[in-house]
Number of protein chains: 2
Amino acid sequence: MAMTTDAERRGWTQNPEAVKEDILTVALSEFAARGFSGARVDTIASRTQTSKRMIYYYFGDKLGLYTRALEAAYLEVREGEASLDLDHLPPQEALARLVAFTFDHHRANPDFIRMVMIENIHNAENLAVSQVIRDLNVAAIDKLADICRRGQEAGVFRAALDPVALHWQISAASFFNVSNRPTFSAIFGSELFEEPAQEVIRQQTVEAILAIACKA
Amino acid sequence: MAMTTDAERRGWTQNPEAVKEDILTVALSEFAARGFSGARVDTIASRTQTSKRMIYYYFGDKLGLYTRALEAAYLEVREGEASLDLDHLPPQEALARLVAFTFDHHRANPDFIRMVMIENIHNAENLAVSQVIRDLNVAAIDKLADICRRGQEAGVFRAALDPVALHWQISAASFFNVSNRPTFSAIFGSELFEEPAQEVIRQQTVEAILAIACKA
DNA sequence: GGTAAAATGTACTAACTGGACCATTTGGCA
DNA sequence: TGCCAAATGGTCCAGTTAGTACATTTTACC
């Protein structure tokens with residue numbers, strides 16, 4: 001009610017949620033860029049609107065912060081997937097759309113990919129204990145399982161088709177395309193990751209998956 | 001020529017090559033396990049027959065050791081590939097064999113896979129400057145390029161087939177199968193990585209690649 | 001307006017870690 | 001056999017980094 005602005009006041013405005021959000025965003029980008037050991041808590045703090053003190057206040061320690069950043073990455077990506085509605089399409093077309101979407105979605109979320117790479121380097125030890133992530137992922141395969149079921153009922157998909165194995169195939173292409181881009185580019189050049197070639201690869205991937213799913 | 005054994009002597013026996021080899025082997029396993037920042041020079045030294053002093057004597061610094069370990073990983077893997085001879089097989093079968101071999105070979109070399117993962121996390125900065133690795137990899141695709149050419153000449157492969165893009169597809173499946181095993185297992189269980197399921201996935205991968213390569 | 005708990009700022013530290021220093025021994029060779 | 005460069009051992013150090021102690025301010029509530 002005084003006419004002093006925030007800047008003029010000696011003190012500050014409390015905003016716990018925004019502070020947590022701020023820290024998490026910065027931490028995610030830093031961990032994704034440098035890995036767990038490579039990331040520096042001081043660097044994260046300096047890129048924040050707040051201080052290192054608050055990181056430890058809200059997240060306990062470096063590992064706690066990392067775990068929450070990992071969960072945040074999964075949450076964001078799974079949110080983006082939720083908008084995809086394939087129920088109205090015939091199974092083959094639904095599958096083709098799902099593959100193409102997954103391919104593009106992974107490309108659009110490189111930080112998520114990098115966090116998963118880092119988790120794999122660490123043998124998924126932190127992912128394994130996160131109930132949040134486990135719940136998210138069990139749901140992630142539902143769409144695909146539904147498509148498989150419909151395709152089998154319609155007689156167009158193989159009877160022995162396993163949704164988890166198919167998910168493995170779709171993930172392999174979509175994930176590798178982002179995760180191994182640096183080494184692949186360094187060896188074979190970057191043309192394969194520019195737009196025209198990416199469309200070819202995406203189409204190849206769709207065809208490959210359909211070849212696995214459909215009856216001969 | 002005295003009858004004193006090595007153990008009884010105050011001194012030691014010089015063996016530069018063995019010392020370098022010893023350090024490299026330990027370093028490769030340590031870097032593969034913990035990444036560049038995660039690896040500790042002291043830990044590497046302690047697992048060696050020699051001392052930290054020798055690491056700096058022969059490799060300069062931590063990055064120098066890492067680079068040499070990376071090169072050693074590539075050398076070992078490419079050596080294993082050299083034994084594969086497919087020239088006597090018709091193109092389709094040669095391709096099928098190459099895919100199956102690559103799939104198995106990646107599984108058999110998890111430390112190599114992890115080193116490549118780590119390089120990708122670091123944006124392939126160290127791989128990019130290694131002439132040793134570049135030379136190795138240009139040769140790595142020769143076998144596949146030859147199969148492609150033969151298949152196209154025989155009229156069984158698509159005319160637009162690009163060996164690099166096909167190599168991408170083969171690598172995606174073979175690499176992902178090892179690199180993402182920890183997170184994939186943590187979420188969906190480990191059955192997919194046990195022998196029966198691995199054979200299914202390998203066969204699926206062969207079929208998928210053939211579907212991409214062959215005329216409709 | 002008073003009080004206590006939550007939230008924030010500042011400065012510090014103990015331990016770790018990559019790397020360097022100095023001394024000593026080995027082995028090839030004149 | 002003596003000499004010198006290569007190889008090795010043992011110890012120490014300076015910079016970094018995760019984490020903490022202590023003080024202060026804000027806010028909710030009565």
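Only heavy atoms go into these numbers, but all of them, side chains included; no hydrogens, no water, no symmetry mates. Protein chains get the first letters and strands the later ones, always in sequence-line order, with residue 1 at the start of each.
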Rounded distance in Å - [atom1] ([X]) to [atom2] ([N]):
| X | N | atom1 | atom2 | result |
| --- | --- | --- | --- | --- |
| B:E30 | C:dT17 | CD | C1' | 14 Å |
| A:R53 | D:dT24 | CZ | C1' | 12 Å |
| A:K52 | D:dG19 | NZ | P | 9 Å |
| B:Y57 | C:dG19 | OH | C1' | 17 Å |
| A:L65 | D:dG19 | CG | P | 10 Å |
| A:D61 | D:dT20 | CG | C1' | 13 Å |
| B:I23 | D:dG9 | CD1 | C1' | 13 Å |
| B:Y56 | D:dC13 | OH | P | 17 Å |

Q. For the helix from C:dG1-D:dC30 to C:dA30-D:dT1, how many degrees between its two end axes (five pairs per end), to the nearest 10°?
A. 10°
Q) Checking all strands, does B:Y58 fall into the base, sugar-phosphate, or nothing category for heavy-atom contacts under 4.0 angstrom? A) sugar-phosphate
**Q.** Donor-acceptor pair between A:E119 and B:T183 side chains, under 3.5 angstrom
**A.** no
Q. According to a strict under-4.0 Å criterion, is A:T50 in side-chain N/O contact with OP1 or OP2 of C:dT8?
A.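 Checking C:dT8 against A:T50, no side-chain N or O comes under 4.0 Å of OP1 or OP2.
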(Q) Using OP1 and OP2 only, check whether a side-chain N or O of A:S51 sits under 4.0 Å from C:dG9. (A) yes
Q: Can you establish whether the number of heavy atoms outside A:R78 located under 6.0 Å from its atom CZ is more than 12?
A: yes
Q: Among the candidates D:dG19, C:dG9, D:dT8, find the nucleotide nearest to the side-chain atoms of A:M54.
A: C:dG9
Q: Show the numbers, then the answer: is there a side-chain contact (heavy atoms from CB on, under 4.5 Å) between B:R181 and A:N120?
A: CA-CA 7 Å; B:R181 173 175 176 162; A:N120 276 300; 5.8 Å; no
Q: Classify the angle between the aromatic ring planes of A:F101 and A:H105 as parallel (below 30°), tilted (30 to 60°) or perpendicular (above 60°).
A: parallel
Q) Are A:D146 and A:R149 close enough for a salt bridge, meaning some N to O gap below 4.0 Å? A)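 Yes, charged N to carboxylate O under 4.0 Å.
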**Q.** Interface with DNA chain D, restricted to residues 37-45 of chain B and to heavy atoms under 4.0 Å
**A.** none
N/O donor to acceptor pairs below 3.5 angstrom from side-chain atoms of residues 23-32 of chain B, sequence neighbours left out:
| residue | atom | partner | partner atom | Å |
| --- | --- | --- | --- | --- |
| B:T25 | OG1 | B:E21 | O | 2.9 |
| B:E30 | OE1 | B:R47 | NH1 | 3.0 |
| B:E30 | OE2 | B:R34 | NE | 2.9 |

Q: In sequence, state the C-alpha distance, the side-chain angles, and the governing distance for B:L166 and B:I147, and then conclude on side-chain contact (heavy atoms from CB on, under 4.5 Å).
A: CA-CA 11 Å; B:L166 200 57; B:I147 294 172; over 6 Å; no
Q. Of the non-hydrogen atoms in A:L144 and A:P163, which two are nearest, and what is the gap between them?
A.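 Shortest heavy-atom contact: CD2-O, 3.4 Å.
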Q) CZ/A:F59 to OG1/A:T67 distance, rounded to the nearest 0.5 angstrom? A)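 Interatomic distance, A:F59 CZ to A:T67 OG1, rounded to 0.5 Å: 11.0 Å.
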